Amino acid sequence: MKILVFGSYNIDKVYSMPRLPERGETLYCGGFEIHVGGKGLNQALAFSKAGADVTVGGKVGEDGRYLTDYLEENGIGTSDIDFSGKYTGHTIIETDPEGQNQMILFGGANREITEEYCDSLLAKYADADLLLTQYETSCVEYMLEKAHSLGIKTALNPSPYVDEIKNLNFAHADILILNEYEGKSITGEADAESIAKALHALGSGEIILTLGADGAVYYNGSDYVSAPAFRVNAVDTTGAGDTFTGYCLYELLSGSAPYEAMLTGCAASAIEVTKPGAAETIPNREEVMKFLKNTK
Ligand code: RIB
């Protein structure tokens, strides 16, 4: 299975906080770590660990070479990354003892991507089984439209949510994979089933909606399927959605039923949240299968 991930590459600066600070407050943090991150990087890694042959596109600066080195070391093709960015994207992530976080995101090179770059990438990967993208780079709409017109299957994770997402032509995204907050923001609906159905009416063929502790639901216009989450002690939820995305989509594209695909995604993300960090804590396939076996 050949996957092209067009996405973001960030340096994640993670601060462990006793609690999240109030407006105007200064708080000491209990610890600081730098991790590789970005939704593009995390999802590429999850897809690859699930079993796919993954190539990435996107843009970093010279300060981001270690991000692509990390992907290469993990068997992901990075030869089409553009290194001419001024600064690589970065995040400031504050995590609290319950594993919740808040984030400041500097787009940097991720937001300097041009339509010309997208054209050159697609010209090389017209035979991809899937183009997966998120909403942390420039040119997302252009990329989806172009890939769709070339007959490449497309998946969009419209994250992080910004209001302009509502104006996208969702018919260019064959699969829409998103969390409840994003789904509510796009549709204005409140419950999972109404959100999934309203999203489908916007044009995507398949909707996968994650619901945190309530698992995930799938809707394709006829079948509405839900899968449960697994109870674990979460230490850091950063990257949970990305882990779910890579594993769930891999299973779906491999022909698994939506329930099995979502369950595998939930298992992978349940493991991922038990350790601090995002990309480095995405489990490999063996761990996910063992987890699923032990919880059945
Ligand atoms: O989804 C988690 C990711 O969001 C982090 O790695 C951070 O870089 C932000 O892009």
Side-chain angles (χ1 to χ4, degrees), residues 5-17 20 32-50 56-61 63-64 66-68 70-71 74 76 81 85 87-96 99-113 132-138 140 155-162 165 176-183 185 208-210 212 216 234-249 265-266 268-283:
V5 177
F6 169 68
S8 55
Y9 307 91
N10 293 333
I11 300 166
D12 285 354
K13 301 181 179 186
V14 185
Y15 302 82
S16 309
M17 305 299 294
L20 301 179
F32 168 65
E33 288 177 10
I34 296 183
H35 293 285
V36 300
K39 293 184 193 304
L41 184 148
N42 299 341
Q43 292 181 15
L45 206 57
F47 230 130
S48 166
K49 290 195 172 195
V56 289
K59 188 166 181 174
V60 295
D63 57 336
Y66 77 94
L67 301 177
T68 55
Y70 184 81
L71 288 173
N74 280 279
I76 293 167
I81 291 280
Y87 299 113
T88 298
H90 76 253
T91 58
I92 292 173
I93 305 177
E94 297 162 355
T95 61
D96 73 9
Q100 298 305 312
N101 64 44
Q102 66 187 24
M103 227 181 263
I104 295 174
L105 174 58
F106 169 69
N110 296 310
R111 311 286 302 169
E112 295 169 11
I113 295 169
L132 167 63
T133 190
Q134 316 79 30
Y135 217 75
E136 284 187 338
T137 63
S138 45
V140 174
L156 170 66
N157 171 224
S159 180
Y161 177 79
V162 287
I165 287 177
L176 197 60
I177 185 161
L178 70 176
N179 67 28
E180 197 174 11
Y181 169 77
E182 291 148 2
S185 305
I208 302 161
L209 185 68
T210 60
V235 172
D236 181 0
T237 55
T238 315
D242 300 329
T243 306
F244 176 91
T245 296
Y247 268 90
C248 178
L249 290 181
C266 287
S269 57
I271 301 169
E272 194 275 334
V273 301
T274 58
K275 296 167 208 142
E280 295 101 329
T281 58
I282 296 172

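Values in this document were obtained by computation on a predicted structure and should not be read as measured data. Just so you know, ligand 1 is whichever comes first in the structure, and atom 1 is the first atom listed for that ligand.
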Review point. Where does the angle between the aromatic ring planes of Phe106 and His90 fall among parallel (under 30°), tilted (30 to 60°) and perpendicular (over 60°)?
Key: tilted
Point to revise | Smallest separation among heavy atoms of Leu156 and Val140, with atom names | key: CD1-CG1, 4.0 Å
Output, or 'none' if empty, a list of ligand 1-protein atom pairs in which both atoms are N or O and the distance is under 3.5 Å, rounded to 0.1 Å.
unit_1	atom_1	unit_2	atom_2	d
ligand 1	1 (O)	Lys39	NZ	2.7
ligand 1	1 (O)	Asp242	OD2	2.7
ligand 1	4 (O)	Lys39	NZ	3.3
ligand 1	6 (O)	Asp12	OD2	2.5
ligand 1	6 (O)	Gly38	N	3.0
ligand 1	6 (O)	Asn42	ND2	3.1
ligand 1	8 (O)	Asn10	ND2	3.0
ligand 1	8 (O)	Asp12	OD1	2.6
ligand 1	8 (O)	Asp12	OD2	3.4
ligand 1	8 (O)	Gly38	N	3.0
ligand 1	10 (O)	Asn10	ND2	3.0
ligand 1	10 (O)	Glu136	OE1	3.0
ligand 1	10 (O)	Glu136	OE2	2.6

Check your understanding: Rounded to the nearest 0.5 Å, how far does CG of Asp96 lie from CG of Asp236?
Key -> 9.5 Å
Point to revise | Beyond-backbone contact of Tyr161 with Asn179, side-chain heavy atoms, under 4.5 angstrom | key: no
**Study point:** Interatomic distance, Tyr66 atom OH to Ile11 atom CD1 [nearest 0.5 angstrom]
**Key:** 4.0 Å
Point to revise | Counterpart residues, salt bridge (Lys or Arg N to Asp or Glu O under 4.0 Å), relative to Glu94 (two or more places apart) | key: none
